[in-house]
Amino acid sequence: KELIINHVKERECKLNEKVDYKGQISLILLGNSAVGKTNVFQRFRNKKFNPINTASSGIDCTCKLMKINDDKDIYKLSLYDTAGQERYKSLPQSYFRNVDGVLLLFDLIDKTSFDEVNKWMNQIKDFSKENDRNENDIIIYLIGNKSDLVYEEGRAVKKSDAIEFASKYNLQGYEECSAKNNENIKQTFEKFYNLLYEKNKNKIKEKNKIKLELMNKKKNEKNKESCC
């Protein structure tokens, strides 16, 4: 099936480019279908929640400006929401060339979604190899979504098991959240993006240096043209 990308959100990214920002950080959401990736995505992007969200088709992209590094700097954050159905599992591959981090989601009341996190870890490993990336360079955060349903329907995944899994695979951490109740969404993204910044700040600074040099070069060329 053809890869679907939301063009409205792509235009939003272009509008954001008018704002002066220090650099760009890219993040992708992975996990089984129906674990709530799109609602987590929407909560962070525009503070909305849709209780009757249909399954995503392909990959959805948006950008958001965010203050990180103790609110000292503004960064452009590129965020990719992916479909979790089996037929779409190969689609995120092309996005792994430039992605800085992964939010790996499962459903706290669905044990199968947690058991299959292993499969997603293998996918990340495969995607990294296919894009000539060192898998250890990609920061991965494990997220248990739908914490609001734990008290209503019962927890299917023990918190200790999720923490143990994160430790076993050397993930950067584990968080639980509720897209429905907007619990721990903003905090999780802020924590994750600050981790990404700390890991990639030298690379970001180098990119910014090159960008500044190119801007100065164009400016000097323009000045030469105007004076002759």
Side-chain angles (χ1 to χ4, degrees), residues 25-41 43-44 55-56 59 79-93 95-96 99-131 133-200:
I25 298 176
S26 298
L27 171 64
I28 194 166
L29 278 70
L30 297 178
N32 276 14
S33 179
V35 299
K37 295 187 302 298
T38 297
N39 271 321
V40 168
F41 175 87
R43 269 297 188 192
F44 176 67
S56 300
I59 292 180
L79 186 62
Y80 299 94
D81 174 29
T82 65
Q85 300 101 310
E86 188 67 35
R87 65 181 180 275
Y88 293 120
K89 282 190 176 179
S90 63
L91 291 182
Q93 175 184 332
Y95 290 83
F96 262 72
V99 75
D100 299 300
V102 176
L103 278 182
L104 187 52
L105 277 74
F106 69 92
D107 184 340
L108 286 166
I109 61 169
D110 179 5
K111 183 66 162 56
T112 300
S113 70
F114 177 68
D115 292 338
E116 295 197 353
V117 167
N118 271 308
K119 293 182 180 179
W120 287 103
M121 289 298 300
N122 289 332
Q123 287 273 43
I124 292 170
K125 187 175 182 178
D126 291 341
F127 291 155
S128 300
K129 286 182 178 178
E130 289 163 6
N131 283 282
R133 295 285 305 275
N134 184 338
E135 61 183 292
N136 295 322
D137 288 339
I138 300 175
I139 294 179
I140 306 172
Y141 224 63
L142 184 64
I143 306 294
N145 187 33
K146 305 186 184 180
S147 60
D148 56 288
L149 296 178
V150 167
Y151 299 105
E152 298 175 19
E153 302 185 26
R155 176 185 287 270
V157 181
K158 293 179 181 179
K159 189 171 184 178
S160 58
D161 289 343
I163 292 173
E164 182 181 345
F165 180 92
S167 176
K168 176 182 177 182
Y169 283 93
N170 295 317
L171 307 188
Q172 290 298 310
Y174 170 66
E175 297 285 344
E176 294 185 351
C177 66
S178 168
K180 181 179 180 180
N181 291 347
N182 197 18
E183 294 175 354
N184 204 30
I185 299 293
K186 183 173 180 287
Q187 297 90 330
T188 295
F189 274 93
E190 286 178 347
K191 186 183 295 185
F192 193 56
Y193 275 122
N194 275 292
L195 278 171
L196 290 173
Y197 169 79
E198 285 300 319
K199 179 165 182 138
N200 294 292

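Everything numeric here is computed off the predicted structure, so don't read it as measured data.
When only modelled atom types and interatomic distance are considered, Ser178 and Asp148 share a side-chain donor-acceptor pair under 3.5 Å. Side-chain contact, Tyr174 with Glu176: a donor N or O sits under 3.5 Å from an acceptor N or O. Between the side chains of Glu175 and Asn184, at least one donor N or O sits under 3.5 Å from an acceptor N or O.
Atoms CG and CG, from Asp107 and Leu149 in turn, are 7.5 Å apart once rounded to the nearest 0.5 Å. Atom CD1 of Ile143 is separated from atom CG of Leu108 by 10.0 Å, given to the nearest 0.5 angstrom. In this structure, CG in Leu105 is found 12.5 Å from OH in Tyr141, a value given to the nearest 0.5 Å. One finds the CD1 atom of Ile185 at 9.0 Å from the CD atom of Glu183 (value rounded to the nearest 0.5 Å).
Side-chain rings of Tyr169 and Phe165 approach one another, their centers coming within less than 6.0 Å.
A donor-acceptor pair under 3.5 Å is absent between the side-chain atoms of Arg155 and the main chain of Val150, judged by distance alone. Looking only at distances, a side-chain donor or acceptor of Asp100 sits under 3.5 Å from a matching main-chain atom of Ser26. Between the Asn194 side chain and the Glu190 main chain, a donor and an acceptor come within less than 3.5 Å of each other. A distance-only check finds no donor-acceptor pair linking the side chain of Lys37 to the backbone of Phe106 [under 3.5 Å].
At least one side-chain heavy atom of Leu27 sits less than 4.5 Å from a side-chain heavy atom of Tyr193. Side-chain atoms of Leu104 and Val117, non-hydrogen and from C-beta on, do get closer than 4.5 Å to each other. Contact check for Met121 versus Leu171: side-chain heavy atoms found under the 4.5 Å cut-off. Within the 4.5 Å cutoff, side-chain heavy atoms of Val40 are placed close to those of Asn145.
Annotation: Gln187, atom CD; neighbour count of heavy atoms from other residues, nucleotides and ligands within 6.0 Å is above 12.
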